[in-house]
Amino acid sequence: MKATITIHPNDIIDKIDPRLYGSFIEHLGRAVYGGIYEPGHPTADDMGFRGDVLALVKQLGVPLVRYPGGNFVSGYCWEDGVGPRRARPRRLDLAWSSIEPNEIGIDEFQEWAKRADTEVMMAVNLGTRGVEAARDLLEYCNFPSGTKYSDQRRANGFEAPFGIKYWCLGNEMDGPWQIGHKTAEEYGRLAAETGKVMKWVDPSIELIACGSSHSGMPTFGDWERTVLRHTYDVVDYLSLHSYYGNRSGNTGEYLACCRDMGRFIETVVGICDEIKAERGAEKTMYLSFDEWNVWFHSNEQDKKQEKWTVAPPLLEDVYTFEDALAVGCLLITLLHHADRVKIACLAQLVNVIAPIMTETGGSAWVQSIFYPFLHASCYGRGLALRTAVDCPAYDAGQYGSTPYLEAAAVYDEAASELRIFAVNRSPDASITLDLAADGFAPLQLLEHLVLRCDDLNAVNTAAQPDRIKPELVCAADGAVLPPMSWNVLRFRCV
Ligand code: AHR
C-alpha cells in the first residue's frame, strides 16, 4: 500500500517541550523497593540504588520523574520518610493495601534523581492533608536555611535546597478510589489555597492541578470547569491521565486507542480556553499528561495479591510487541499536541507498568515499550510539524475509520534533521512512504530504525531479554514500513 505524508517547515505545531518525555515512580509494588533501590544488589551504589537500573533510566533520557504517587500520595506523611532511618515508622498504605517501610523518602529520592540525570516532579497530599503539610514540605525542600523545616533538611545532611520546580496539587482527586476523594468544589478551593500558599513560600515553582482521572469519568468536563474556575490564576498546568489495553482482543481497535487520547486532549484544551475566555485571562493553561500508558495485563493477577506486605509485585504488566505499537501511537499523539501538552509522564518507570523490569537480587531488562519511548525521547526533540497523512483506512471498531498509518514529523533544526515516527497498523501490507516535503532542502534518508516482530504477543523476559528489539534496515531501499511495525526515519536536510 502507498501512503503520503505532507509536511512543510513553516507548518509548525510548536517547539517540543523536552518534559514530554517524563516518567513516574510511585511507592507502589516493586517500583522503589527492589526497583530503583536494593541495597545488597551486586550493582547497588553507596546509597543502595541499583546501578543497572540507573543506567537504563539514563539511556531513556527522562527529564523529570513524578514522585511519590499516584494514589499513594493521598495518604502520605512526607515527614515519615526523612531523618534517621531507624526512627522512620512503618505505615499502612491504604491505596495499595501494602506496608510502607519509609526507607526511601524525599531526601533519598532527590539524590537518586540526580544520579539518574533527571528532575523530581513532586506531588503533595491533598487527600488526607492540605495547606499546612504542603507548605512545610516545600519549605523543607526548597527554602535555603534558618527555618524549622529548612534547618531540619540541613540537619539530615542536605545543606543545599533541593530546588524542586514542579509540584502536583494532589492526585486523581475526582476518583472515588482516592483516599480523601473530593468534589470538584472541595478540591478546587483546596488546590487554590494550597497553591497560593506554596507560591508564597517559593514563587519560582510551577503547579499542576488535577484534571479528570480519565475521559470516561462521569464528572469529566464539569470537573475541569469547576477546578479551573477556582485555580486558573494560581496553577500553570491541568493534568490528564489515561491508560489503555486490548481488552477485547481486537488488535485493529486497540492500536487506534490513540484517537481517544487525541480527543481527550482536544476536549480539555477546549475547556481551558473556555475558562480563559470567561475570565478574560491573558494566561494560557497548559496540560500535563502526567500518567499515560498501557495497563491491563496485571489486573486479574493483582486481585489475588496478599495484602499488607512490603513491596508486593503489583501492576507488573508484561508488555507484548502489540503494546509497543500502541505506545508508539500514543507518543505520536502527544507530539501532535505539542502546542498544549508541555509535560507528560509515562506511568511508570520501573517494575510497575514499566519499560524497565528487575528481578529482586537478579537482572534488569527492558520491555517492548521501552523502545518507542527511547526513540521518541532521543529523536523527538525540536519542532513538531503538522503532518497530513493520506493513506487507506480500516474499521477500528469504537474508533471508527482509521488510517493504517499513524505518523508524526519532527524537525530538529540544530541537527538539520527531519525525523518521521510512524506506525504501520496493517497486519499484512507494507506501506511505501512518499514524503511530500516542499520547503525543505533535499532530504537524504540517513537511518531507518524498525521495531517489528513475527508474533504480536511476543515479550521480553529475564531469560529472553532481546526477543523484541529494534533493528536498522537498509536506508538505500527507501522508506518501506513493514506490516505491524514502529519506525523512525531520520533524514538529513542536505
Ligand atoms: O499508576 C498507577 C495508578 O494509576 C496511580 O497510582 C493512580 O494515580 C492511577 O490511578
Side-chain angles (χ1 to χ4, degrees), residues 22-33 35-36 62 64-76 91-98 100 109 121-128 166-182 187 191 208-220 223 227 237-245 260-261 264 287-303 305 311-319 323 327 330 343-357 367 369 373:
S23 190
F24 178 27
I25 289 276
E26 178 167 2
H27 281 248
L28 192 187
R30 298 190 309 120
V32 173
Y33 308 108
I36 62 166
V62 175
L64 56 81
V65 179
R66 187 165 170 252
Y67 174 85
N71 297 340
F72 171 80
V73 81
S74 297
Y76 186 49
R91 287 271 209 161
L92 289 183
D93 165 20
L94 298 178
W96 301 106
S97 302
S98 308
E100 171 55 49
F109 189 75
M121 171 162 148
M122 192 72 190
V124 300
N125 174 354
L126 292 190
T128 59
Y166 308 108
W167 292 80
C168 302
L169 295 166
N171 175 70
E172 294 190 350
M173 298 310 304
D174 61 327
W177 59 86
Q178 203 66 214
I179 303 168
H181 165 223
K182 293 185 171 41
Y187 171 70
I208 300 104
C210 293
S212 292
S213 300
H214 58 86
S215 61
M217 292 297 289
T219 49
F220 174 49
W223 175 273
V227 168
Y237 310 85
L238 184 67
S239 79
L240 298 83
H241 290 180
S242 210
Y243 293 99
Y244 299 95
D260 174 81
M261 181 191 244
F264 187 18
L287 306 187
S288 172
F289 212 126
D290 46 41
E291 286 188 36
W292 69 271
N293 201 352
V294 168
W295 173 16
F296 74 112
H297 295 287
S298 59
N299 293 166
E300 287 311 306
Q301 178 61 31
D302 285 349
K303 289 180 191 154
Q305 182 57 50
L314 288 171
L315 279 68
E316 298 205 358
D317 275 41
V318 177
Y319 290 118
D323 297 325
V327 163
L330 293 167
I343 300 177
C345 301
L346 176 71
Q348 297 190 9
L349 188 54
V350 184
N351 287 334
V352 170
I353 42 176
I356 298 168
M357 295 300 289
Q367 299 225 60
I369 64 167
F373 190 83

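Worth saying up front: this structure is predicted, and the values here are computed from it rather than measured. Counting starts at 1 for both ligands and their atoms, following the listed order. Along the sequence shown, the residues carry numbers beginning at 1.
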Quiz item: Does Asp174 use its side chain to pair, donor to acceptor, with the backbone of Ser213 at less than 3.5 Å?
Solution: yes
Quiz prompt | All side chain to side chain contact (heavy atoms under 4.5 Å, CB included) counterparts of Ala95, not counting sequence neighbours | solution = Asn71, Asp93, Ile179
Quiz prompt | For ligand 1, the residues whose heavy atoms come within less than 4.0 Å (ordered by chain, then number) | solution = Phe24, Glu26, Gly70, Asn71, Trp96, Asn171, Glu172, Tyr243, Glu291, Trp295, Leu315, Gln348, Ile353
Self-check item: Leu240 side chain reached by Phe264 side chain, heavy atoms, under 4.5 Å
Solution: yes
Practice problem: Take the angle between the ring planes of Tyr243 and Trp295 and call it parallel below 30°, perpendicular above 60°, tilted in between. | Solution: perpendicular
Self-check item: Check: Ile343 and Leu64 side chains under 4.5 Å, non-hydrogen atoms
Solution: yes
Quiz item: Are any of the side-chain nitrogens in Arg66 or Glu291 under 4.0 Å away from the carboxylate oxygens of its partner?
Solution: yes
